[in-house]
Asks: 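First, the structure itself, so that you have it in front of you.
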Amino acid sequence: MLPLRFIREHEALVRERLSARGGDVPLDELLELDNRRRQLLTRVEGLRAARRKVSRGIGQASGHERESLIAQTREVTAQLGDCEPELGKIQTDVERLLLEIPMLPHESAPVGDADHPGQVHFCSGAPAPGSQVPPHDEIASELGILDFARASKVAGSGFWIFRGAGAHLQRALVQWMLDFQVQEHGYRELYLPALVTRTAMTNAAKLPKFAGDSYAVDNQRLWLSPTAEVALSEYHAGETLDAAMLPAKYVAYAAAFRREAGAAGVETRGLRRVRQFDKIELFNVTTPDDSYRTLERMRGEAEAVIKRLGLTYRVREVPTGDLGFAAAKQYDLEVWSPGAGEWLEVSSVSNCEAFQTRRAGVRIRRPGSARTEYAHSLNGTALGLPRTFVALLENGRQADGTVAIPDVLQPYMGHRTQIEAEASWL
RNA sequence: GGAGGAGUCGCAUAGUUGGUCUAGUGCGGCCGCCUGCUAAGCGGUUACCGGGAGUAUCCCUUUCGGUCGUGGGUUCGAAUCCCACCUCCUCCGCCA
């Protein structure tokens, strides 16, 4: 969240930056409440100070003097009773509104609405036109490695079951992607809980705004993690980190759960939009002056995965109207799906600056300095598994119907070079 | 799931007949003094959030309020009493 004082003191800037995002933000209501809050607070604090001053003498006093002092504080307490409840309500409301205000877009983020394609930053090569590749779900069912019908019996719509080489290929992807980030880019691997607290969800800025997009459990006390980013951003909550040890680089393999309410149709066919999917998440904690350099580095670390898999891809510099709630700047990485004839987002890399760390209380202290400041946090996918799987099937499909396995994955697949049709399954 | 115990300013602790707690002490950290060097010693300092004021753009100074796991309650007044919840520890039960 944004600091209230910053909003108050830089109202024009905040208005301008938020308008680049579009959408309604309750800024007027917030500022009005804050004004009232400060008036009341000054009054309440004055009364409390007066009460404390008198109250301190009661211990030593006795007799009439004591009675008189108690009567005085009783009077002050009565006055407090008139304004403290209102102050409490206002503070609750201010807090609630503050949570609804998104991160300010960075000045370098291209201005535009959600339908704006953004700026295509880099393209590894134009997709081959007029391709005859069937969509991934057809390829997969020919091979017998993917089963939607049975998955819907088990869990309803939005799920799938991998069989045989399909399951193996996903496992290989997970293993390789983790090893790659650890070995090539110096990441530390974490394994995280799939259930996260309401507090973690709120601090990561997934609540209250996006409550409807996630699954709640145990009377909303816990939530099924919609992304490993939630657990990762809470990992250092309440800690003051040594700035000399930064950046902290974490990689985690985790399932992500999303309700995807109302999503159905051609665009969601097959594996493209599902309610449970695996991904490899990158997360960095940095000093404020290093976060934009880190953003570029992380984009490169995610791109490297796509390159090694030999996929056609592009990088979108996400326009202000399409930024994530907590993101000041964001890159989306998209791979080409020849079967569907469209770009599929397989990664999103964001700099959230201090938006999450302020909520979670992640601070840093620089060597030799007594004071602390908020760290910056960045998250990125590298990569989302199902859509990567789609692209691998469609790009790797060979004339005989088999699918070539990328070189980097072969060691993880028992040195097989291709996937053939699975035989003898029930 | 059941029964006990515990949560205090980085760490360790003191603090329960409610008011001299403006939370003490030790360790660690930081600054300084002393000192061929180091160690020891001596002195000082040591959290976070928020309001006000200050020739101060979130730094700083000062003042006030809040924070003793979290949230309520009792009271003129709560670290201290009561209730709920959270976390950890011990034991029992159950379980991959």
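Order of the sequence lines fixes the chain letters, A, B, ..., with proteins taken first and strands second; residue numbering starts at 1 for each chain.
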Asks: So what's B:G71 paired with, Watson-Crick or G-U wobble, going by both distances under 3.5 Å?
Replies: B:C83
Asks: Any side-chain N or O of A:R5 less than 4.0 Å from the OP1 or OP2 oxygen of B:G51?
Replies: yes
Asks: For B:U20, which nucleotide is its Watson-Crick or G-U wobble mate, given both distances must be under 3.5 Å?
Replies: none
Asks: How close or far is atom P of B:U75 from atom CD of A:Q72, stated in whole angstroms?
Replies: 20 Å
Asks: Among the candidates B:C64, B:G19, B:C49, find the nucleotide nearest to the side-chain atoms of A:A49.
Replies: B:C64
Asks: Between B:C21 and B:G77, how far apart are the C1' atoms? Round to whole Å, please.
Replies: 13 Å
Asks: Taking atom P of B:C30 as reference, at what distance in whole Å does atom CZ of A:R365 sit?
Replies: 11 Å
Asks: Could A:R188 and A:Y250 be counted as a cation-pi pair, given that NZ or CZ must be under 6.0 Å from the ring centre and within 45° of the axis?
Replies: no
Asks: Rounded to whole angstroms, how far apart are CG on A:L47 and C1' on B:G77?
Replies: 15 Å
Asks: Based on the glycosidic angle (syn within 90° of 0, else anti), state the conformation of B:U8.
Replies: anti
Asks: Name the pairing partner of B:U90, where a pair is Watson-Crick or G-U wobble with both distances under 3.5 Å, or state none.
Replies: B:A3
Asks: Of the nucleotides B:U22, B:C76, B:G51, which has the atom closest to the A:R52 side chain?
Replies: B:U22
Asks: So among A:R272, A:R273, A:R275, which one has a salt bridge (Lys or Arg N to Asp or Glu O under 4.0 Å) with A:E260?
Replies: A:R273
Asks: Let's test this: given Watson-Crick or G-U wobble pairing with both distances under 3.5 Å, identify the partner of B:C58.
Replies: none
Asks: Please confirm whether the backbone N or O of A:F162 pairs with a side-chain atom of A:Q170, one donor and one acceptor, at under 3.5 Å?
Replies: no
Asks: Rounded to whole angstrom, note down the C1' distance from B:U25 over to B:G15.
Replies: 11 Å
Asks: Kindly say if A:R363 contacts the phosphate of B:C49, meaning a side-chain N or O under 4.0 Å from OP1 or OP2.
Replies: yes
Asks: Check the pair A:E86 / A:R37 against salt bridge (Lys or Arg N to Asp or Glu O under 4.0 Å), numbers first and verdict last.
Replies: CA-CA 9 Å; A:E86 190 189 349; A:R37 172 186 146 269; over 6 Å; no
Asks: Only one of A:T381, A:L333, A:D332 forms a side chain to side chain contact (heavy atoms under 4.5 Å, CB included) with A:E345, so which one is it?
Replies: A:D332
Asks: Do you know the tightest heavy-atom contact between A:V362 and A:S233?
Replies: CG2-O, 4.4 Å
Asks: Please name the nucleotide paired to B:C48 by Watson-Crick or G-U wobble geometry with both distances under 3.5 Å, or report none.
Replies: B:G66
Asks: What integer distance in Å separates A:R56:CZ from B:A78:C1'?
Replies: 15 Å
Asks: What is the distance, to the nearest angstrom, from the CG atom on A:L87 to the C1' atom on B:G50?
Replies: 11 Å
Asks: Rounding to a whole Å, what distance do you find between A:L104:CG and B:C58:P?
Replies: 18 Å
Asks: Taking atom types as they are modelled, is there a donor-acceptor pair under 3.5 Å from the base of B:G51 to the side chain of A:R43?
Replies: no
Asks: Who are the ring pair (Phe, Tyr, Trp, His ring centres under 6.0 Å) partners of A:F180, not counting sequence neighbours?
Replies: A:W176, A:H185
Asks: Does the B:G50 base have a donor-acceptor partner in the side chain of A:E45 within less than 3.5 Å?
Replies: yes
Asks: Taking A:E394 for its side chain and A:G339 for its backbone only, find out whether a donor-acceptor pair lies under 3.5 Å.
Replies: yes
Asks: For B:C95, what is the paired nucleotide under Watson-Crick or G-U wobble rules, both distances under 3.5 Å?
Replies: none
Asks: Between residues 188-207 of chain A and RNA chain B, which residues have a heavy-atom gap below 4.0 Å?
Replies: none
Asks: Atom CD of A:Q91 and atom P of B:G51: how far apart are they, to the nearest Å?
Replies: 10 Å
Asks: Under 4.0 Å between a side-chain N/O of A:R8 and OP1 or OP2 of B:G51, yes or no?
Replies: yes
Asks: Nearest whole Å is fine: how far is B:U67 P from A:L41 CG?
Replies: 13 Å
Asks: In whole Å, what separates the P atom of B:G1 from that of B:A79?
Replies: 32 Å
Asks: Using heavy atoms to find the nearest nucleotide of RNA chain B for A:E9 and A:R66 separately, return the residue whose nucleotide is more 5′.
Replies: A:R66
Asks: With RNA chain B as reference, determine whether A:S55 or A:R51 sits nearer its 5' end, using the nearest nucleotide of each.
Replies: A:S55
Asks: Going by purine N1 to pyrimidine N3 plus the second Watson-Crick contact, or the G-U wobble pair, all under 3.5 Å, which nucleotide sits opposite B:C34?
Replies: none
Asks: Using the C1' atom as the reference point in each nucleotide, state the distance between B:C34 and B:G44 in Å, no decimals.
Replies: 15 Å
Asks: With C1' as the reference atom in both, quote the distance from B:A84 to B:C9 in angstrom, rounded to an integer.
Replies: 27 Å
Asks: Pick the P atom in B:A12 and in B:G71, then give their distance to the nearest Å.
Replies: 22 Å
Asks: Quick one: ring pair (Phe, Tyr, Trp, His ring centres under 6.0 Å) partners of A:W223, sequence neighbours excluded?
Replies: none
Asks: For B:G69 versus B:C88, give the span between their C1' atoms, rounded off to a whole number of Å.
Replies: 11 Å
Asks: Using atom P in both nucleotides, what's the gap between B:C30 and B:G72 to the nearest angstrom?
Replies: 39 Å
Asks: Is the shortest side-chain N to carboxylate O distance from A:R299 to A:E296 below 4.0 Å?
Replies: yes
Asks: With a cut-off of less than 4.0 Å, is there a side-chain N or O of A:T42 near OP1 or OP2 of B:C64?
Replies: no
Asks: Quick check on B:C48: is either OP1 or OP2 less than 4.0 Å from any side-chain nitrogen or oxygen of A:Y374?
Replies: no
Asks: Which base, if any, makes a Watson-Crick or G-U wobble pair with B:C9, both distances under 3.5 Å?
Replies: none
